[in-house]
Amino acid sequence: MSPEAIIDGLFAGSVYALVALALTIVFQPTRIMNFAQGEAVILGAAVAYQIVALEKLGWAAAIGITLVLAAFMGLLMERMIMLPVRLSGSRYAWIIATLAAALIFQSLFNLTYFDVDALRPRPVVDGGFQVAGVTVEWQEALAIAVALAVMAGYDLFLRRSAYGRAIRATAHNTDTSVLMGIPVQRIIGLSFVIGAVITAIAGMLAAPVIFVAPAAGLLFTIKGFTAAVIGGVGSPRGALAGGMIVGVLDTVVRSMVGGSVGNFAVFAALAVILVVFPSGLFGKPMEAH
(Lines give C-alpha, C1' and ligand atoms only; values in the text may rest on other atoms or scores of the structure.)
Protein backbone atom coordinates (compact mmCIF):
# COMPACT_ATOMS: atom_id res chain seq x y z
CA MET A 1 0.00 0.00 0.00
CA SER A 2 1.81 3.11 -1.23
CA PRO A 3 1.28 6.60 0.26
CA GLU A 4 0.65 7.91 -3.26
CA ALA A 5 -2.28 5.49 -3.65
CA ILE A 6 -3.77 6.73 -0.37
CA ILE A 7 -3.48 10.36 -1.52
CA ASP A 8 -5.09 9.48 -4.85
CA GLY A 9 -7.81 7.63 -2.94
CA LEU A 10 -8.52 10.63 -0.73
CA PHE A 11 -8.78 12.78 -3.85
CA ALA A 12 -11.21 10.38 -5.54
CA GLY A 13 -13.05 10.01 -2.24
CA SER A 14 -13.55 13.76 -1.98
CA VAL A 15 -15.20 13.75 -5.41
CA TYR A 16 -17.45 10.81 -4.49
CA ALA A 17 -18.24 12.47 -1.16
CA LEU A 18 -19.49 15.61 -2.93
CA VAL A 19 -21.70 13.48 -5.20
CA ALA A 20 -22.99 11.58 -2.15
CA LEU A 21 -23.70 14.87 -0.38
CA ALA A 22 -25.67 16.11 -3.38
CA LEU A 23 -27.69 12.88 -3.40
CA THR A 24 -28.35 13.38 0.30
CA ILE A 25 -29.43 17.00 -0.18
CA VAL A 26 -32.05 15.97 -2.74
CA PHE A 27 -33.08 12.90 -0.73
CA GLN A 28 -33.78 14.80 2.50
CA PRO A 29 -36.89 16.75 1.39
CA THR A 30 -38.04 14.42 -1.41
CA ARG A 31 -37.14 10.85 -0.30
CA ILE A 32 -35.94 10.41 -3.89
CA MET A 33 -32.50 9.14 -4.86
CA ASN A 34 -31.60 11.16 -7.96
CA PHE A 35 -29.88 8.78 -10.37
CA ALA A 36 -29.25 11.73 -12.71
CA GLN A 37 -27.03 13.46 -10.15
CA GLY A 38 -23.79 12.31 -11.76
CA GLU A 39 -24.64 14.21 -14.95
CA ALA A 40 -23.83 17.43 -13.10
CA VAL A 41 -20.28 16.06 -12.69
CA ILE A 42 -20.06 15.89 -16.47
CA LEU A 43 -21.47 19.42 -16.74
CA GLY A 44 -18.71 20.80 -14.51
CA ALA A 45 -16.03 18.87 -16.39
CA ALA A 46 -17.45 19.87 -19.79
CA VAL A 47 -17.62 23.58 -18.97
CA ALA A 48 -14.08 23.50 -17.57
CA TYR A 49 -12.86 21.68 -20.68
CA GLN A 50 -14.68 24.04 -23.05
CA ILE A 51 -13.72 27.29 -21.31
CA VAL A 52 -10.22 26.49 -20.05
CA ALA A 53 -8.87 23.99 -22.60
CA LEU A 54 -10.59 25.17 -25.80
CA GLU A 55 -11.52 28.83 -25.31
CA LYS A 56 -8.48 29.67 -23.14
CA LEU A 57 -10.54 31.99 -20.93
CA GLY A 58 -9.23 30.82 -17.58
CA TRP A 59 -10.69 29.22 -14.48
CA ALA A 60 -12.48 32.31 -13.17
CA ALA A 61 -14.76 32.36 -16.22
CA ALA A 62 -15.22 28.59 -16.04
CA ILE A 63 -16.28 28.71 -12.39
CA GLY A 64 -18.78 31.53 -12.97
CA ILE A 65 -20.35 29.86 -16.01
CA THR A 66 -20.47 26.49 -14.26
CA LEU A 67 -22.34 27.90 -11.26
CA VAL A 68 -24.97 29.50 -13.49
CA LEU A 69 -25.43 26.44 -15.73
CA ALA A 70 -25.47 24.07 -12.75
CA ALA A 71 -28.20 26.11 -11.05
CA PHE A 72 -30.25 25.99 -14.26
CA MET A 73 -29.59 22.25 -14.55
CA GLY A 74 -30.83 21.75 -11.00
CA LEU A 75 -34.09 23.59 -11.75
CA LEU A 76 -34.50 21.59 -14.95
CA MET A 77 -33.89 18.32 -13.10
CA GLU A 78 -36.52 19.25 -10.53
CA ARG A 79 -39.11 19.75 -13.28
CA MET A 80 -38.07 16.62 -15.19
CA ILE A 81 -38.21 14.42 -12.09
CA MET A 82 -40.75 15.82 -9.64
CA LEU A 83 -43.50 16.63 -12.15
CA PRO A 84 -43.82 13.02 -13.45
CA VAL A 85 -43.63 11.75 -9.87
CA ARG A 86 -46.52 13.99 -8.79
CA LEU A 87 -48.63 13.24 -11.86
CA SER A 88 -48.15 9.47 -11.80
CA GLY A 89 -48.95 8.88 -8.15
CA SER A 90 -46.74 5.77 -8.22
CA ARG A 91 -44.23 5.28 -5.43
CA TYR A 92 -41.73 3.92 -7.98
CA ALA A 93 -42.10 6.65 -10.61
CA TRP A 94 -38.96 8.40 -9.34
CA ILE A 95 -36.80 5.50 -10.56
CA ILE A 96 -37.93 5.88 -14.16
CA ALA A 97 -37.94 9.69 -13.96
CA THR A 98 -34.38 9.98 -12.62
CA LEU A 99 -32.98 7.39 -15.04
CA ALA A 100 -34.76 9.10 -17.95
CA ALA A 101 -33.27 12.45 -16.95
CA ALA A 102 -29.83 10.83 -16.69
CA LEU A 103 -30.11 9.34 -20.19
CA ILE A 104 -31.33 12.64 -21.67
CA PHE A 105 -28.40 14.61 -20.23
CA GLN A 106 -25.99 11.84 -21.17
CA SER A 107 -27.19 11.98 -24.77
CA LEU A 108 -26.72 15.76 -24.87
CA PHE A 109 -23.13 15.47 -23.61
CA ASN A 110 -22.38 12.64 -26.04
CA LEU A 111 -23.71 14.65 -28.99
CA THR A 112 -21.75 17.74 -27.97
CA TYR A 113 -18.45 15.94 -27.30
CA PHE A 114 -18.78 12.88 -29.53
CA ASP A 115 -15.12 13.11 -30.58
CA VAL A 116 -13.67 13.60 -27.07
CA ASP A 117 -12.49 10.64 -25.00
CA ALA A 118 -11.89 12.57 -21.77
CA LEU A 119 -12.92 16.08 -20.70
CA ARG A 120 -9.53 17.14 -19.32
CA PRO A 121 -8.67 20.83 -18.76
CA ARG A 122 -5.43 21.93 -17.17
CA PRO A 123 -5.35 21.91 -13.34
CA VAL A 124 -6.54 24.91 -11.35
CA VAL A 125 -3.12 24.94 -9.68
CA ASP A 126 -0.16 23.26 -11.41
CA GLY A 127 2.55 21.34 -9.65
CA GLY A 128 2.69 19.79 -6.21
CA PHE A 129 4.48 19.69 -2.90
CA GLN A 130 6.25 17.17 -0.69
CA VAL A 131 4.87 15.74 2.55
CA ALA A 132 7.13 13.24 4.32
CA GLY A 133 8.73 12.36 1.00
CA VAL A 134 5.39 11.89 -0.76
CA THR A 135 4.45 14.15 -3.68
CA VAL A 136 0.95 15.62 -3.42
CA GLU A 137 -0.51 17.42 -6.43
CA TRP A 138 -1.98 20.82 -5.65
CA GLN A 139 -5.12 19.85 -7.59
CA GLU A 140 -5.66 16.85 -5.31
CA ALA A 141 -5.08 18.91 -2.18
CA LEU A 142 -7.50 21.55 -3.49
CA ALA A 143 -10.21 18.94 -4.11
CA ILE A 144 -9.87 17.49 -0.61
CA ALA A 145 -9.93 20.97 0.97
CA VAL A 146 -12.98 22.02 -1.07
CA ALA A 147 -14.84 18.82 -0.14
CA LEU A 148 -14.19 19.42 3.56
CA ALA A 149 -15.18 23.09 3.26
CA VAL A 150 -18.41 22.27 1.40
CA MET A 151 -19.36 19.63 3.98
CA ALA A 152 -18.73 22.04 6.86
CA GLY A 153 -20.52 24.87 5.06
CA TYR A 154 -23.60 22.80 4.33
CA ASP A 155 -23.71 21.57 7.93
CA LEU A 156 -23.68 25.20 9.12
CA PHE A 157 -26.29 26.08 6.49
CA LEU A 158 -28.61 23.35 7.80
CA ARG A 159 -28.20 24.35 11.44
CA ARG A 160 -27.96 28.16 11.32
CA SER A 161 -30.00 29.45 8.35
CA ALA A 162 -33.78 29.73 7.98
CA TYR A 163 -33.71 27.74 4.74
CA GLY A 164 -31.58 25.08 6.41
CA ARG A 165 -34.09 24.67 9.21
CA ALA A 166 -36.87 24.55 6.60
CA ILE A 167 -35.03 21.74 4.78
CA ARG A 168 -34.70 19.80 8.03
CA ALA A 169 -38.38 20.31 8.82
CA THR A 170 -39.42 19.23 5.32
CA ALA A 171 -37.21 16.15 5.58
CA HIS A 172 -38.86 15.24 8.89
CA ASN A 173 -42.49 15.63 7.78
CA THR A 174 -43.71 17.25 4.57
CA ASP A 175 -47.36 17.57 5.55
CA THR A 176 -46.58 19.24 8.87
CA SER A 177 -44.15 21.60 7.12
CA VAL A 178 -46.93 22.72 4.74
CA LEU A 179 -49.25 23.37 7.68
CA MET A 180 -46.54 25.48 9.33
CA GLY A 181 -46.27 27.66 6.24
CA ILE A 182 -42.98 26.33 4.91
CA PRO A 183 -42.80 26.63 1.09
CA VAL A 184 -42.10 22.95 0.47
CA GLN A 185 -41.98 23.20 -3.33
CA ARG A 186 -39.46 26.02 -3.13
CA ILE A 187 -37.37 24.01 -0.67
CA ILE A 188 -37.37 21.03 -3.04
CA GLY A 189 -36.30 23.24 -5.96
CA LEU A 190 -33.54 24.76 -3.81
CA SER A 191 -32.32 21.28 -2.89
CA PHE A 192 -31.99 20.29 -6.54
CA VAL A 193 -30.11 23.52 -7.30
CA ILE A 194 -27.69 23.13 -4.37
CA GLY A 195 -27.11 19.48 -5.26
CA ALA A 196 -26.38 20.27 -8.91
CA VAL A 197 -23.98 23.10 -8.01
CA ILE A 198 -22.05 20.94 -5.53
CA THR A 199 -21.82 18.05 -8.01
CA ALA A 200 -20.69 20.35 -10.82
CA ILE A 201 -17.94 21.66 -8.55
CA ALA A 202 -16.89 18.05 -8.01
CA GLY A 203 -16.70 17.59 -11.77
CA MET A 204 -14.51 20.66 -12.21
CA LEU A 205 -12.13 19.44 -9.53
CA ALA A 206 -12.02 15.87 -10.88
CA ALA A 207 -11.62 16.56 -14.60
CA PRO A 208 -7.93 17.65 -14.61
CA VAL A 209 -6.82 14.50 -12.78
CA ILE A 210 -9.11 11.50 -13.33
CA PHE A 211 -10.79 10.16 -16.44
CA VAL A 212 -14.12 11.96 -16.97
CA ALA A 213 -15.82 10.86 -20.20
CA PRO A 214 -18.98 12.53 -21.57
CA ALA A 215 -20.93 9.32 -20.85
CA ALA A 216 -19.54 8.69 -17.34
CA GLY A 217 -22.33 10.37 -15.39
CA LEU A 218 -24.00 7.15 -14.24
CA LEU A 219 -20.64 5.80 -13.06
CA PHE A 220 -20.22 8.78 -10.73
CA THR A 221 -23.83 8.38 -9.60
CA ILE A 222 -23.18 4.73 -8.69
CA LYS A 223 -20.00 5.58 -6.76
CA GLY A 224 -21.72 8.48 -5.01
CA PHE A 225 -24.77 6.34 -4.23
CA THR A 226 -22.53 3.62 -2.77
CA ALA A 227 -20.78 6.23 -0.62
CA ALA A 228 -24.13 7.63 0.55
CA VAL A 229 -25.40 4.17 1.53
CA ILE A 230 -22.19 3.28 3.36
CA GLY A 231 -22.25 6.54 5.30
CA GLY A 232 -26.01 6.46 5.88
CA VAL A 233 -28.54 7.83 3.40
CA GLY A 234 -29.65 11.27 4.53
CA SER A 235 -26.52 12.02 6.58
CA PRO A 236 -24.15 14.73 5.26
CA ARG A 237 -21.39 13.53 7.58
CA GLY A 238 -22.00 10.00 6.39
CA ALA A 239 -21.57 11.21 2.81
CA LEU A 240 -18.05 12.41 3.64
CA ALA A 241 -17.13 9.20 5.46
CA GLY A 242 -18.64 6.99 2.76
CA GLY A 243 -16.94 8.92 -0.03
CA MET A 244 -13.54 8.57 1.59
CA ILE A 245 -14.06 4.86 2.21
CA VAL A 246 -15.08 4.25 -1.40
CA GLY A 247 -12.27 6.37 -2.84
CA VAL A 248 -9.44 5.01 -0.70
CA LEU A 249 -10.56 1.37 -0.86
CA ASP A 250 -11.08 1.45 -4.63
CA THR A 251 -7.78 3.19 -5.38
CA VAL A 252 -5.63 1.18 -2.99
CA VAL A 253 -7.02 -2.19 -4.13
CA ARG A 254 -6.59 -1.19 -7.79
CA SER A 255 -2.98 -0.19 -7.17
CA MET A 256 -2.22 -3.47 -5.41
CA VAL A 257 -4.23 -5.93 -7.53
CA GLY A 258 -5.41 -3.99 -10.59
CA GLY A 259 -8.37 -4.39 -12.91
CA SER A 260 -11.91 -4.20 -11.60
CA VAL A 261 -11.03 -5.74 -8.23
CA GLY A 262 -11.37 -2.27 -6.70
CA ASN A 263 -15.08 -2.19 -7.52
CA PHE A 264 -15.49 -5.69 -6.06
CA ALA A 265 -13.78 -4.57 -2.83
CA VAL A 266 -16.04 -1.51 -2.58
CA PHE A 267 -19.25 -3.49 -3.01
CA ALA A 268 -17.99 -6.20 -0.64
CA ALA A 269 -17.33 -3.51 1.97
CA LEU A 270 -20.82 -2.13 1.32
CA ALA A 271 -22.35 -5.55 2.00
CA VAL A 272 -20.36 -6.04 5.21
CA ILE A 273 -21.14 -2.55 6.53
CA LEU A 274 -24.87 -2.96 5.85
CA VAL A 275 -24.88 -6.29 7.73
CA VAL A 276 -23.29 -4.64 10.78
CA PHE A 277 -24.92 -1.20 10.37
CA PRO A 278 -28.18 -1.66 8.37
CA SER A 279 -28.72 2.12 8.25
CA GLY A 280 -25.13 2.92 7.31
CA LEU A 281 -22.38 4.28 9.53
CA PHE A 282 -24.18 7.53 10.40
CA GLY A 283 -27.72 6.88 9.19
CA LYS A 284 -30.87 6.66 11.25
CA PRO A 285 -33.39 3.82 10.94
CA MET A 286 -36.06 6.23 9.72
CA GLU A 287 -33.79 7.46 6.93
CA ALA A 288 -32.91 3.92 5.88
CA HIS A 289 -36.61 3.01 5.80
Side-chain angles (χ1 to χ4, degrees), residues 6-26 37-49 51-53 58-71 73-74 119-129 131 134-161 164 191 193-212 216-217 220-221 223-224 227-228 231 235-248 250-251:
I6 295 176
I7 296 299
D8 292 342
L10 291 175
F11 165 74
S14 67
V15 175
Y16 301 147
L18 289 175
V19 178
L21 176 63
L23 289 168
T24 295
I25 290 171
V26 173
Q37 196 68 63
E39 302 308 317
V41 174
I42 310 304
L43 175 68
V47 173
Y49 174 76
I51 300 301
V52 176
W59 275 102
I63 292 171
I65 294 172
T66 298
L67 294 178
V68 173
L69 291 180
M73 186 183 203
L119 302 165
R120 180 157 292 175
R122 63 174 175 80
V124 179
V125 184
D126 292 310
F129 58 95
V131 176
V134 179
T135 301
V136 180
E137 299 293 332
W138 281 111
Q139 183 71 23
E140 294 181 328
L142 176 64
I144 296 170
V146 168
L148 293 174
V150 169
M151 295 289 176
Y154 184 71
D155 191 59
L156 286 175
F157 171 77
L158 279 183
R159 298 176 184 276
R160 301 294 178 86
S161 70
S191 298
V193 169
I194 294 175
V197 168
I198 289 175
T199 316
I201 291 172
M204 296 180 67
L205 295 171
V209 179
I210 63 178
F211 183 84
V212 181
F220 283 98
T221 299
K223 290 293 182 69
S235 170
R237 296 177 184 178
L240 176 61
M244 292 303 176
I245 290 172
V246 170
V248 172
D250 186 21
T251 304

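Along the sequence shown, residues carry numbers from 1.
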Intermediate values then yes/no, side chain to side chain contact (heavy atoms under 4.5 Å, CB included), Glu140 and Leu10: CA-CA 8 Å; Glu140 294 181 328; Leu10 291 175; over 6 Å; no
Leu205 backbone acceptor or donor facing Gln139 side chain under 3.5 Å: yes
Heavy-atom pair with the smallest gap, counting every atom of Phe11 and Ala206: CZ-CA, 3.9 Å
Smallest separation among heavy atoms of Ala20 and Gly224, with atom names: CB-O, 3.4 Å
Pairwise side-chain contact, Pro208 with Arg122, heavy-atom cut-off 4.5 Å (strictly under): no
Verdict with reasoning, Leu240 to Leu148, per side chain to side chain contact (heavy atoms under 4.5 Å, CB included): CA-CA 8 Å; Leu240 176 61; Leu148 293 174; 3.9 Å; yes
Pair Leu21-Tyr154, side chain to side chain contact (heavy atoms under 4.5 Å, CB included): steps then yes or no: CA-CA 9 Å; Leu21 176 63; Tyr154 184 71; 3.9 Å; yes
Minimum heavy-atom distance Val52-Ala62, with the two atoms named: CG2-CB, 3.9 Å
Interatomic distance, Leu23 atom CG to Phe220 atom CZ [nearest 0.5 angstrom]: 13.0 Å
Ala239 versus Thr24, closest heavy-atom pair with distance: CB-OG1, 4.4 Å
Point-to-point distance, once rounded to the nearest 0.5 Å, from OG1 of Thr135 to CD1 of Ile7: 10.0 Å
Check: Val248 main-chain N/O paired with Thr251 side-chain donor or acceptor under 3.5 Å: no
Residues in side chain to side chain donor-acceptor pair (under 3.5 Å) contact with Ser161, at least two apart in sequence or another chain: none
Separation of Trp59 CH2 from Thr66 OG1 (nearest 0.5 Å): 7.5 Å
Ala196 to Ala70 - nearest heavy-atom pair and separation: CB-O, 3.3 Å
Side chain to side chain, Val124 and Trp138, heavy atoms closer than 4.5 Å: no
CZ (Arg237) with more than 12 external heavy atoms under 6.0 Å: no
Reported NZ-to-OG1 distance for the pair Lys223 and Thr221, which is rounded to 0.5 angstrom: 11.5 Å
Ile51 to Ala61 - nearest heavy-atom pair and separation: CG2-CB, 4.0 Å
Pair Arg120-Val212, side chain to side chain contact (heavy atoms under 4.5 Å, CB included): steps then yes or no: CA-CA 7 Å; Arg120 180 157 292 175; Val212 181; over 6 Å; no
Any side-chain heavy-atom pair of Val209 and Glu137 under 4.5 Å: no
Ile201 CD1 to Leu43 CG distance, which is reported to the nearest 0.5 Å: 11.5 Å
Separation of Ile25 CD1 from Leu158 CG (nearest 0.5 Å): 7.5 Å
Exercise: do Thr199 and Gln37 side chains pair donor with acceptor under 3.5 Å: yes
